[in-house]
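Fair warning: this is a prediction, and the values are worked out from it, not measured in the lab. FYI, side chains are in, hydrogens and waters are out, and symmetry mates aren't considered; it's all heavy atoms of this structure.
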Amino acid sequence: MFSAWVKRAGQRCAIQRTAMATRHASTATTSSSTTTAAYAEALKLIDADKQERLRMLARVEKEIARVAKDNKSSTQAAQLAALNSLKYDLQVKSELNNPDVQRNFKNGQVDMSQPVYRYMRQKQFEKQPRARLLERITQMNVIPDLLPLGLVPTVEVNIQAQGADSVVEPGTFTKPAETIQAPQVEVVNFHTEPRLYTLMLVDPDSPDVVNKTYQQRCHWLLANVPLSTTESIVKGGDVVLDYCPPHPEKGTKYHRYTLIAYEQPENGQAKVDIKVEGRDAFDVKALAEQHGLKVTGASFFRQVWDETVSSIYEDILKTQEPFYGKPRKPERYIQRAVYF
């Protein structure tokens, strides 16, 4: 059966290439009869290809149902995995050349419950946003300060400040006033089943006065957050550490506030019981290893001190604002020489 499907797929390559070449015709406004006829013919080819794939899809679904009943087969899991992969491929390619689908995606009308839109959204993420994120977290040393070497994000983490119209570009500067309230966080993922995630907002640039260096400070820690491709906004779960607004201390360099998304053990099906002693002297890598958390995505923004930070200390943190500055340089002067 598989070999026959592969053969038919090869025979359809020419049809598919013709269909792909006519995608841009969907936006044409010319009234030329030749163009109209060509567009109509292209639509016929696209529809013929779709119908063939749908017929194959119906057979694959029957085969999945048959294999699922065969509990005695030692290869059942492998067979189901292969069949489901083929099913997804057929679902995607049966709609991929549809001009309406292409137009909807271009206009941001994306239904993540549909395989074709999930596929297009994932390819879009892998093509540009992921490369840009990796470039910035590497250049600004978020890797390896917080994230492991060799990280390849599989989800897209979007941070949107309350009241803002757009998400924060990774690595850009924001104002402390924009993050007094917890931002809306979206973890764009590509799995249909719910999985549990842990999320941490960590500042690796918090002053460590005793050791005259920097330490990690956790501003927000959530565990057991259920997410799926159609439920990607972070809500629910267990609050381990309440949201504490970023407050870059006066006299310090810029701070890299990093939001990390971790998939929990057993492909996100296992709950975790995270307990921490406090926000300071944090160690995200040790905590992730302790609970079997896998980094799947991240984003970050930078902030420096401004007058808003003083208000955060006074109104929210209820503590005296510190000031960190370089020690005063000794005065250097030339001592007058006295001759006898």
Any chance you could measure W305, atom CH2, to Y324, atom OH, to the nearest 0.5 Å? 14.5 Å

Donor-acceptor pair, R136 side chain versus T172 backbone, under 3.5 Å? no

Salt bridge (Lys or Arg N to Asp or Glu O under 4.0 Å) filter on K253, not counting sequence neighbours, yields D205

Electrostatic pair D89:K93 at N-O distance under 4.0 angstrom: yes

Side chains of S310 and E321 only: does a donor on one sit below 3.5 Å from an acceptor on the other? yes

Quick check: do D208 and Y214 have side-chain heavy atoms less than 4.5 Å from each other? no

Residues passing the ring-ring contact (aromatic ring centres under 6.0 Å, His included) test with F301, sequence neighbours excluded, are Y257

Regarding R103 and D100, does a basic nitrogen lie under 4.0 Å from an acidic carboxylate oxygen? yes

Is there a continuous path of hydrophobic side-chain contacts, each under 4.5 Å between heavy atoms, that joins L227 to V185? yes

Any donor-acceptor N/O pair, Q160 side chain to A164 backbone, under 3.5 Å: yes

Do N189 side-chain atoms and V187 backbone N/O form a donor-acceptor pair below 3.5 Å? yes

Is there side-chain contact between V202 and R217, with at least one heavy-atom pair below 4.5 Å? no

Which atom pair, heavy atoms only, marks the closest approach of A298 to V157? N-CG2, 3.5 Å

Going by side chain to side chain contact (heavy atoms under 4.5 Å, CB included), L259 matches just one of N158, I159, V234. Which one? I159

Could you verify whether a donor N or O on one side chain and an acceptor N or O on the other, from N211 and T213, lie under 3.5 Å apart? no

Exercise answer: donor-acceptor pairs, residues 126-133 side-chain atoms, under 3.5 Å, sequence neighbours excluded:
{"residue": "E126", "atom": "OE2", "partner": "Q122", "partner atom": "NE2", "Å": "3.4"}
{"residue": "R130", "atom": "NH1", "partner": "P153", "partner atom": "O", "Å": "2.9"}
{"residue": "R132", "atom": "NE", "partner": "E169", "partner atom": "OE1", "Å": "3.1"}

Using a distance-only test with no angle check, is there a side-chain donor-acceptor pair under 3.5 angstrom linking T198 and Q264? yes

Whether R53 and D49 form a salt bridge (side-chain N of Lys/Arg under 4.0 Å from carboxylate O of Asp/Glu) is what I want to check. yes

Set of residues satisfying ring-ring contact (aromatic ring centres under 6.0 Å, His included) with respect to Y254, sequence neighbours excluded: F173

Can you tell me how far the CD atom of Q51 sits from the CG atom of L57, to the nearest 0.5 Å? 11.5 Å

In terms of hydrophobic clusters joined by side-chain contacts under 4.5 Å, are M200 and L151 together? yes

Should Q102 and F105 count as side-chain neighbours, where that means a heavy-atom distance under 4.5 Å? no

Does any N or O in the side chain of S228 come within less than 3.5 Å of the main-chain N or O of E231, such that one atom is a donor and the other an acceptor? yes

Pair Y119-Y88, side chain to side chain contact (heavy atoms under 4.5 Å, CB included): steps then yes or no: CA-CA 9 Å; Y119 173 84; Y88 175 73; 3.3 Å; yes

Quick one: side chain to side chain donor-acceptor pair (under 3.5 Å) partners of E193, sequence neighbours excluded? R195

List, one per line, each side-chain donor-acceptor pair under 3.5 Å for residues 237-249, sequence neighbours excluded.
{"residue": "D238", "atom": "OD2", "partner": "N224", "partner atom": "ND2", "Å": "2.6"}
{"residue": "Y243", "atom": "OH", "partner": "T179", "partner atom": "O", "Å": "2.5"}
{"residue": "H247", "atom": "ND1", "partner": "P245", "partner atom": "O", "Å": "2.8"}

Under-4.0 Å salt bridge between E178 and K175: no

